[in-house]
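Worksheet for the structure shown next.
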Amino acid sequence: MAATTSTASSNILTTKKNLSSLSLTSTNKLPTFSSLYSSSRRQRFIVLSASLNSKPTVLVAEKLGEAGINLLKDFANVDCSYNLSPDELCTKISLCDALIVRSGTKVSREVFESSGGRLKVVGRAGVGIDNVDLAAATEHGCLVVNAPTANTIAAAEHGIALLAAMARNVAQADASLKAGKWQRNKYVGVSLVGKTLAVMGFGKVGSEVARRAKGLGMHVIAHDPYAPADRARAVGVELVSFDEAIATADFISLHMPLTPATAKILNDETFAKMKKGVRIVNVARGGVIDEDALVRALDAGIVAQAALDVFTVEPPPQDSKLVQHERVTVTPHLGASTIEAQEGVAIEIAEAVVGALKGELASTAVNAPMVPAEVLTELKPYVVLAEKLGRLAVQLVSGGSGVKDVKVTYASSRAPDDLDTRVLRAMITKGLIEPISSVFVNLVNADFSAKQRGLRLSEERIHLDGSPESPLDSIQVQIANVESKFASAISETGEIKVEGRVKDGIPHLTKGRKRIRRAECQCQLHECRKDRST
Ligand SMILES: NC(=O)C1=CN([C@@H]2O[C@H](COP(=O)(O)OP(=O)(O)OC[C@H]3O[C@@H](n4cnc5c(N)ncnc54)[C@H](O)[C@@H]3O)[C@@H](O)[C@H]2O)C=CC1
Ligand SMILES: O=C(O)C(=O)COP(=O)(O)O
């Protein structure tokens with residue numbers, strides 16, 4: 001089967017000779033799942049034709065634990081270049097297959113544009129992915145993975161450290177004593193026991209903070225619009241509304257991600273609703289607080305103290321009123337910085353990046369559908385079939401007649417819930433788009449690419465009687481309202497239909513237009529979820 005448009009026509013002729021039994025594989029080898037992520041046609045065929053001959057290159061742009069670097073080196077050439085300027089990063093990136101960053105590197109749209117399609121995966125060695133332009137990554141078909149679990153405890157412990165240090169003026173008293181003073185009366189603190197702590201964002205870090213705060217005898221409430229109440233109840237925490245949380249808390253600890261919805265969620269208006277003398281801890285992201293408003297709230301006595309690990313701009317300006325404020329305790333984004341967490345994060349991200357480069361589906365993918373590995377293994381030959389059917393169908397369309405409406409029909413004995421078609425849909429989209437454009441489509445950007453081209457892809461499932469052992473009996477791709485260069489390839493109603501199935505692990509084209517109707521009659525149609533138009 002043709003790999004590119006230039007060789008497509010000869011393959012179409014071959015196909016027409018024997019539509020019913022043509023094997024759709026051009027080699028005996030099935031591709032690895034690397035093709036799911038590959039964002040360049042050239043790389044894809046390196047992967048498809050054989051195993052990778054040359055090692056991929058991974059750029060590590062911020063300090064990463066040794067164990068992670070060693071894992072990467074087993075598989076790739078590793079370039080550790082720290083403190084690159086944005087321009088230097090853009091220059092280097094065109095030579096890299098993967099990039100690993102922490103929170104200090106902005107992975108902007110320019111980075112993806114400069115990669116020339118080579119960058120396949122960005123690994124964020126930590127949780128927050130607000131420094132990665134996810135939309136640009138998706139548009140460029142670049143997978144983004146993070147390391148969401150290894151620094152949870154470190155961040156929670158740092159939150160508790162800041163909470164206690166703030167309440168007892170540890171940093172201020174330390175500076176005072178080192179300056180030769182002995183100010184016991186000035187640094188009288190407040191107790192934590194019996195006080196109400198509002199945990200804002202009851203995810204991994206927030207719930208660990210809550211657990212620890214309860215151990216300190218605090219009354220803990222939480223606000224999180226997405227957290228299940230039973231998870232909070234299990235920790236002995238009541239979920240409350242945003243307004244109730246901020247109005248009743250003596251201490252507020254922030255643990256939500258920075259998103260458009262959470263940006264500056266603490267502002268003049270919300271500070272005004274807080275209890276006078278409230279104390280605030282932030283180990284989430286600086287941007288969730290309007291920092292100027294916090295200075296105003298501190299000066300007005302609404303906020304008694306704040307302890308901040310994160311800032312809107314990092315590092316913050318030296319003359320930042322907030323950082324210099326006497327009642328503010330600061331640390332330079334140290335939440336994840338324990339030996340243990342950095343070791344764990346390095347391993348977690350190295351494994352995710354290597355896995356993604358090998359084409360395995362990463363369980364920590366941020367911008368791709370999460371399809372379990374066992375589902376992928378099972379669907380592997382159908383992935384090949386799906387792409388090839390898309391390629392064949394689109395090559396039968398005559399130039400100029402735009403492909404807009406595509407219907408995909410999956411015939412399967414499996415219950416609809418047992419058949420995950422997201423990967424297949426992505427690969428059909430890849431097959432449909434790549435031969436007629438310069439866009440490289442993969443699992444990450446398939447839906448985006450289809451939408452951008454005005455391609456409407458609808459899916460239908462036909463339930464067949466029989467054993468649900470194999471996930472699929474056949475896949476049919478049908479393009480409506482088009483013309484074809486081949487009279488026999490198009491139906492009276494102007495549709496191109498191709499259908500294939502997998503036999504002995506090899507994808508086969510089983511039906512062209514003429515055979516499809518007969519085959520449809522033979523099908524034991526049990527359930528048809530949508531109305532079939534033919
Ligand atoms: N200072 C540091 O070094 C570190 C900072 N972090 C930050 O902490 C954040 C939380 O990390 P995890 O707990 O691991 O993430 P997570 O994803 O497990 O938890 C985030 C929680 O915030 C909730 N949330 C989302 N929108 C919200 C809203 N509008 N109001 C209240 N809750 C909302 C989510 O439902 C989720 O439960 C990260 O996004 C990261 O920015 C994480 C690790 C280290
Ligand atoms: O994991 C996170 O979200 C963090 O903020 C940790 O950031 P870092 O990797 O230490 O720059």
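As the structure is a computational prediction, the values presented were derived from the model and not from experiment. Order of appearance sets the numbers: ligands from 1, and atoms from 1 within every ligand.
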Apply the test salt bridge (Lys or Arg N to Asp or Glu O under 4.0 Å) to residues Glu88 and Lys92: give CA-CA distance (whole Å), side-chain angles for both, the deciding distance (0.1 Å), then the verdict. CA-CA 6 Å; Glu88 287 167 334; Lys92 252 183 187 292; over 6 Å; no

Given the rule in the salt bridge (Lys or Arg N to Asp or Glu O under 4.0 Å) test, do Arg109 and Glu139 qualify, once you have shown the distances and angles that lead to the verdict? CA-CA 10 Å; Arg109 178 170 288 276; Glu139 287 167 32; 3.0 Å; yes

For the pair Glu291 and Arg296, evaluate salt bridge (Lys or Arg N to Asp or Glu O under 4.0 Å) and give the outcome as yes or no after the intermediate values. CA-CA 9 Å; Glu291 293 178 337; Arg296 286 190 286 274; over 6 Å; no

Set out, in order, the CA-CA distance, both residues' side-chain angles and the distance that settles salt bridge (Lys or Arg N to Asp or Glu O under 4.0 Å) for Asp250 and Arg279, then state yes or no. CA-CA 6 Å; Asp250 302 299; Arg279 290 176 164 80; over 6 Å; no

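Ser337 meets the side-chain contact (heavy atoms from CB on, under 4.5 Å) test with Arg102, Leu334; sequence neighbours excluded. Here Asp174 pairs with Lys178 under the side-chain hydrogen bond (donor to acceptor under 3.5 Å, both in side chains) rule; sequence neighbours left out.
Between Lys186 and Glu326 there is a salt bridge, since a side-chain N of the basic residue sits under 4.0 Å from a carboxylate O of the acidic one. Between Lys204 and Glu208, none of the side-chain N atoms (NZ, or NE/NH1/NH2) sits under 4.0 Å from a carboxylate O, so this pair counts as no salt bridge.
Protein residues with a heavy atom closer than 4.0 Å to ligand 2 are Arg102, Ser103, Arg124, Ala125, Gly126, Val127, Gly128, Asn151, Arg285, His333, Ala336, listed by chain and number.
The two residues Thr149 and Thr152 come nearest to each other via the heavy atoms O-OG1, 3.1 Å.
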Would you tabulate the polar-atom pairs, meaning N/O of ligand 1 against N/O of the protein, with distances under 3.5 Å, reported to 0.1 Å?
| unit_1 | atom_1 | unit_2 | atom_2 | d |
| --- | --- | --- | --- | --- |
| ligand 1 | 1 (N) | Val283 | O | 2.9 |
| ligand 1 | 1 (N) | Asp309 | OD2 | 2.9 |
| ligand 1 | 3 (O) | His333 | NE2 | 3.3 |
| ligand 1 | 3 (O) | Gly335 | N | 3.4 |
| ligand 1 | 3 (O) | Ala336 | N | 3.1 |
| ligand 1 | 13 (O) | Lys204 | N | 3.2 |
| ligand 1 | 13 (O) | Val205 | N | 2.8 |
| ligand 1 | 18 (O) | Lys204 | N | 2.9 |
| ligand 1 | 18 (O) | Lys204 | NZ | 2.8 |
| ligand 1 | 35 (O) | Asp224 | OD1 | 2.8 |
| ligand 1 | 35 (O) | Asp224 | OD2 | 3.2 |
| ligand 1 | 37 (O) | Gly203 | N | 3.4 |
| ligand 1 | 37 (O) | Asp224 | OD2 | 2.6 |
| ligand 1 | 41 (O) | Arg285 | NH1 | 3.3 |

